[in-house]
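Worksheet: the structure to be examined is printed underneath.
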There are 2 protein chains.
Amino acid sequence: MDGLTIAEAAATTGWSARMLRYIEDAGLVASRRSSSGYRLYGPEELQRLRTLRELLEKYGLALSDMGFARRLHHDEALRAAVDEWLAASPRRPTHVEPADWLGWEQDKHERLLAAVYANNEEHTA
Amino acid sequence: MDGLTIAEAAATTGWSARMLRYIEDAGLVASRRSSSGYRLYGPEELQRLRTLRELLEKYGLALSDMGFARRLHHDEALRAAVDEWLAASPRRPTHVEPADWLGWEQDKHERLLAAVYANNEEHTA
DNA sequence: ACAACCTTGACACGGTAGTGCTAAGGTTTC
DNA sequence: GAAACCTTAGCACTACCGTGTCAAGGTTGT
């Protein structure tokens, strides 16, 4: 049975045992298990836990941020969607006719209506 | 004074006026201002607000997630750090001698001590 | 000039993240 | 076989996110 138990790993990484379980639940750092189910932390997990700590502190991140970063990292479609949204700062959206784009000089009420129509359904109120 | 006021923008995008201000505070979608300080939303902002809505719903994201994604997008160092951490799943950390890596077959107490030493300071208790 | 907007600032409140602690029960070590 | 670990499950509490609403005051349109 090689590897540090959860309390030992906690002591060396600065996390609490409770947090090590939480971090595992968050999908960030898991350890392997002994035959009886005990968590066993090897050097790689310990290092990962330490660098995680430093990362959060250095950049003021939350664990949930890293959870989201992990999603971004694994989910290609998600990353593409988010990147695209972020990249489109002051840009004309691609799926809309650049033709007139709502004749931006009409009466305000007409503009509002046009905008509503441009956006199909959603809160028909 | 062209552009939709905040209430009009709210009506066409499905957000509340309150949330449009919140989203602006979060650095996600800002509008330009009239000379007297009124928010004025143009078609690009409206589109951005709508797609933001869709993005959150489609992927079950929170606004804070997009805030973090924005940080990742702008802060090169942060992105590099996060990516590196995520990429180092079952990998040996780079700044450590691959030589022995703590002679992983010693007595558990020695291992613990070694691990503590490997990690310089931090919670000296 | 009055109604109907807008601004910022603040309080409030439900939901979730992060964290400790306890309980009930299995494992390891002496 | 008792002491000192570990496991999961759950309660509790703080802090922040998301959101509505209200207050005090400026702007706009008729």
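Chain identifiers are assigned alphabetically (A, B, ...) following the order of the sequence lines, protein sequences preceding nucleic acid strands; residue numbering begins at 1 within each chain.
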Between the first and last five pairs of the helix from C/dA1-D/dT30 to C/dC30-D/dG1, the angle of the axes, rounded to 10 degrees
20°

Write down the distance between CD1 (A/Ile6) and C1' (C/dG26), rounded to a whole number of angstrom.
16 Å

Check the distance between D/dG18's C1' and B/Leu61's CG and give it to me in whole angstrom.
15 Å

At less than 4.0 Å, is any side-chain N or O atom of B/Ser36 found next to OP1 or OP2 of D/dT28? Yes or no.
yes

Between A/Ser64 and C/dG18, is there a contact of a side-chain N or O with OP1 or OP2 at under 4.0 Å?
yes

In plain terms, say whether B/Glu45 and B/Arg48 are close enough for a salt bridge, that is, a side-chain N and a carboxylate O under 4.0 Å apart.
no

Whether B/Thr5 contacts C/dC6 is assessed here as follows: a side-chain N or O lying under 4.0 Å from the phosphate OP1 or OP2. Is that the case?
yes

Can you build the contact string for nucleotides 19-24 of chain D? Use B for base contact, S for sugar-phosphate-only contact, and - for no protein heavy atom under 4.0 Å.
BBB---

Return the value, rounded to whole Å, for the distance between atom CZ of A/Arg32 and atom P of D/dT7.
13 Å

A/Leu56 CG to C/dA17 C1', in whole Å, measures 13 Å

By side chain to side chain contact (heavy atoms under 4.5 Å, CB included) - contacts of B/His73 (at least two apart)
A/Asp83, A/Leu86

Taking OP1 and OP2 of C/dG20, is either one under 4.0 Å from a side-chain nitrogen or oxygen of A/Arg21?
no

Scan residues 15-27 of chain A for pairs that pass side chain to side chain donor-acceptor pair (under 3.5 Å), counting only residues two or more places apart or in two chains.
A/Glu24-A/Arg33, A/Glu24-A/Arg39

Atom-pair distance (CZ on A/Arg39; C1' on D/dT7), nearest Å
7 Å

Evaluate the side-chain proximity of B/Tyr59 to B/Asp65: yes if any heavy-atom separation is below 4.5 Å, no if none is.
no

Can you tell me how far C1' of C/dT28 sits from CG of A/Leu40, to the nearest Å?
12 Å

Separation of D/dG10 C1' from A/Asp25 CG (nearest whole Å)
13 Å

If you define the side chain from C-beta out and look only at heavy atoms, does anything of A/Leu63 sit under 4.5 Å from A/Leu56?
yes

Please state how far atom CD1 in A/Ile23 lies from atom P in C/dA17, giving the value in whole angstrom units.
15 Å

Tell me whether B/Arg50 contacts the main-chain N or O of B/Thr12 through its side chain, where contact means a donor paired with an acceptor under 3.5 Å.
yes

Please tell me if the side chains of B/Val82 and A/Leu72 come closer than 4.5 Å, counting only heavy atoms from C-beta onward.
no

Relative to the 5' end of DNA chain D, which residue comes earlier, B/Ser35 or B/Ala62, by the nucleotide with the nearest heavy atom?
B/Ala62

Taking only residues two or more places apart in sequence, or in another chain, which ones meet B/Glu57 in a side-chain hydrogen bond (donor to acceptor under 3.5 Å, both in side chains)?
none

For A/Arg71, the side-chain hydrogen bond (donor to acceptor under 3.5 Å, both in side chains) test, sequence neighbours excluded, returns none

